[in-house]
There are 2 protein chains.
Amino acid sequence: MTHNTAPPSDLTFWSFVDYAVQKAEQELPSVNADAMRLVLTLNRATSMVIYDLESSVHRPRGLTWPGFRVIFALWLAGPMEAKTTAEISGMSRAALSALLNTLERDGLILRERATHDRRALQLSLTEDGYRAILGGFRAHNRRESAWAEALEPAERQELVRLLNKLMAGSTEAKAKFRS
Amino acid sequence: MTHNTAPPSDLTFWSFVDYAVQKAEQELPSVNADAMRLVLTLNRATSMVIYDLESSVHRPRGLTWPGFRVIFALWLAGPMEAKTTAEISGMSRAALSALLNTLERDGLILRERATHDRRALQLSLTEDGYRAILGGFRAHNRRESAWAEALEPAERQELVRLLNKLMAGSTEAKAKFRS
DNA sequence: CCCTTATGATCAAACATTTGATTAGTTGGA
DNA sequence: TCCAACTAATCAAATGTTTGATCATAAGGG
């Protein structure tokens, strides 16, 4: 059985994508290797960048990555309804609800009932939250810059263009979105 | 205070990146806007793709995304030590250890002591695990293909090249890696 | 006006991840 | 040989995510 073949002894994080694509083509000749390579690579690159940002910038300052995203959104977009925060920071309403417990307990955000709709929550940063995002974002952006320097300016622009085109295709692809 | 400015009323998942980059430049003129846009876009694109794959393919079949990654690695690379599985599937050993409890309980993988080093674990797929990955991966790859179709073949190749170049820069950038 | 339906938020249970500590086994040097 | 240093794995506590259910409020049609 091919699935019991021993792995190459030198299999590493770096060599796995090439190995996996080649092996999958052997096991399943009908596989779309380009799509497979694209998604594998996309996932790896992002997870490296985010892990680095979270572990080297945000956790040492007392924020998780999701916590940072929420504070960041509130910093830039100002006080807003929780529903909007969830949407623009890319998380479900339930996940945000749980996350807000921590951020509120740590005194970074304020959770208030909206006046025009008593079901809705109005979120805003506290002064501590504002201080946290100011310092945190500067460090965050320095780390982002270090990553971005791997690419030429034109390459950065092209990468963003391709990612946006990929996202735009999600409608066509009938992708499932968070609710 | 600028951080209390009201957000535009039409702020959505799609318009947030442009808005955020522009706003951050107002608040902090020293910001590296290109790097910021790159990381924001990378994170969003990946999270959309992964969320779609997990929620439309893997969870309905009883696997989480991390669970799929481990089974997938074991399928392609064959039986191997847990340390290698953690490395190539991009998770810490502690995270893998916890994840294996679920996969073992569900009868998808086997956890055995290695003979040459009694500290080490030897991981392998059960027949159920093999069946799960065969069916799951076909559906997974179909969904990947739908996403990939948003790009021209040359664009897919270029996107992969740019992501690899970005990852390769991590050494230069002194990024922090999982252990 | 009332009732059905829709919407915003939260809850509950299961799961995965992080960091830091601990346990078990291996290795190399005094 | 023995012990210190290292390594593989697990544990523990805190955190965040998912799906599906529940609660409260709002909105619309008869």
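Numbered from 1 within each chain, the chains take letters A, B, ... in sequence-line order.
- In summary, the side chains of B:His140 and B:Glu54 do not present any donor paired with an acceptor at a separation below 3.5 Å, with no hydrogens or angles considered.
- Checking the phosphate oxygens (OP1, OP2) of D:dA9, no side-chain nitrogen or oxygen of B:Arg113 falls inside 4.0 Å.
- Using five terminal pairs a side, the axes of the helix from C:dC1-D:dG30 to C:dA30-D:dT1 at its two ends make an angle of 0°, given in steps of 10 degrees.
- Taking atom CG on A:Leu121 and atom C1' on D:dA24, their separation rounds to 12 Å, with Å as the unit.
- Remark: P of D:dG16 and CD1 of A:Ile50 are 16 Å apart, rounded to the nearest angstrom.
- First and last contacting nucleotides of DNA chain C toward chain B (any atom under 4.0 angstrom from a heavy atom, 5' to 3' order): C:dC15 to C:dT26.
- Going from atom CD of A:Glu54 over to atom P of D:dA14 covers 18 Å, rounded to whole Å.
- If you take CZ of B:Arg118 and C1' of D:dA8, they are 13 Å apart, rounded to a whole angstrom.
- With 3.5 Å as the limit, one finds no donor-acceptor pair spanning the side chains of A:Asn164 and B:Arg37.
- Grouping the Ile, Leu, Val, Met, Phe, Trp and Tyr side chains by contacts below 4.5 angstrom, directly or via other members, places B:Phe13 with A:Leu76.
- Mapping B:Gly67 and A:Ser55 onto DNA chain C by nearest heavy atom places B:Gly67 at the nucleotide closer to the 5' end.
- The stretch residues 91-105 of chain A comes close to DNA chain D through A:Ser92, A:Ala94, A:Ala95, A:Ala98, A:Leu99, A:Thr102, A:Arg105, each having a heavy atom under 4.0 Å from the strand.
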Discussion item. Please determine whether side chain to side chain contact (heavy atoms under 4.5 Å, CB included) holds for the pair A:Arg178 and B:Met48, giving the CA-CA distance in whole Å, both sets of side-chain angles, and the decisive distance to 0.1 Å.
Written reply: CA-CA 9 Å; A:Arg178 278 187 183 79; B:Met48 284 180 72; over 6 Å; no
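- Put simply, the side chain of B:Glu112 does not reach to within 4.5 Å of the side chain of B:Leu121, judged on heavy atoms.
- Annotation: the span from B:Leu38 atom CG to B:Met36 atom CE amounts to 12.0 Å, rounded to 0.5 Å.
- Atom CE in A:Met91 sits 6.0 Å away from atom CG in A:Leu96 (nearest 0.5 Å).
- Contact of the B:Leu110 side chain with the B:Gln122 side chain is not registered, since no non-hydrogen atoms from C-beta on lie closer than 4.5 Å.
- When each of A:His116 and B:Ala120 is assigned the nucleotide of DNA chain D bearing its nearest heavy atom, the one mapping closer to the 5' terminus is B:Ala120.
- Salt bridge absent: B:Arg156 and B:Glu149 never bring a charged side-chain N and a carboxylate O closer than 4.0 Å.
- For the pair B:Asp117 CG and D:dA9 P, the interatomic distance rounds to 8 Å; values are reported in whole Å.
- Rounded to whole Å, atom P of D:dA14 lies 18 Å from atom CG of A:Leu63.
- Counting heavy atoms of neighbouring residues, nucleotides and ligands inside a 6.0 Å radius, atom CD of B:Glu25 exceeds 12 of them.
- Between A:Leu28 atom CG and B:Leu134 atom CG the span is 6.0 Å, to the nearest 0.5 Å.
- In terms of position on DNA chain C, the residue among A:Tyr51 and B:Asp106 whose nearest nucleotide sits closer to the 5' end is B:Asp106.
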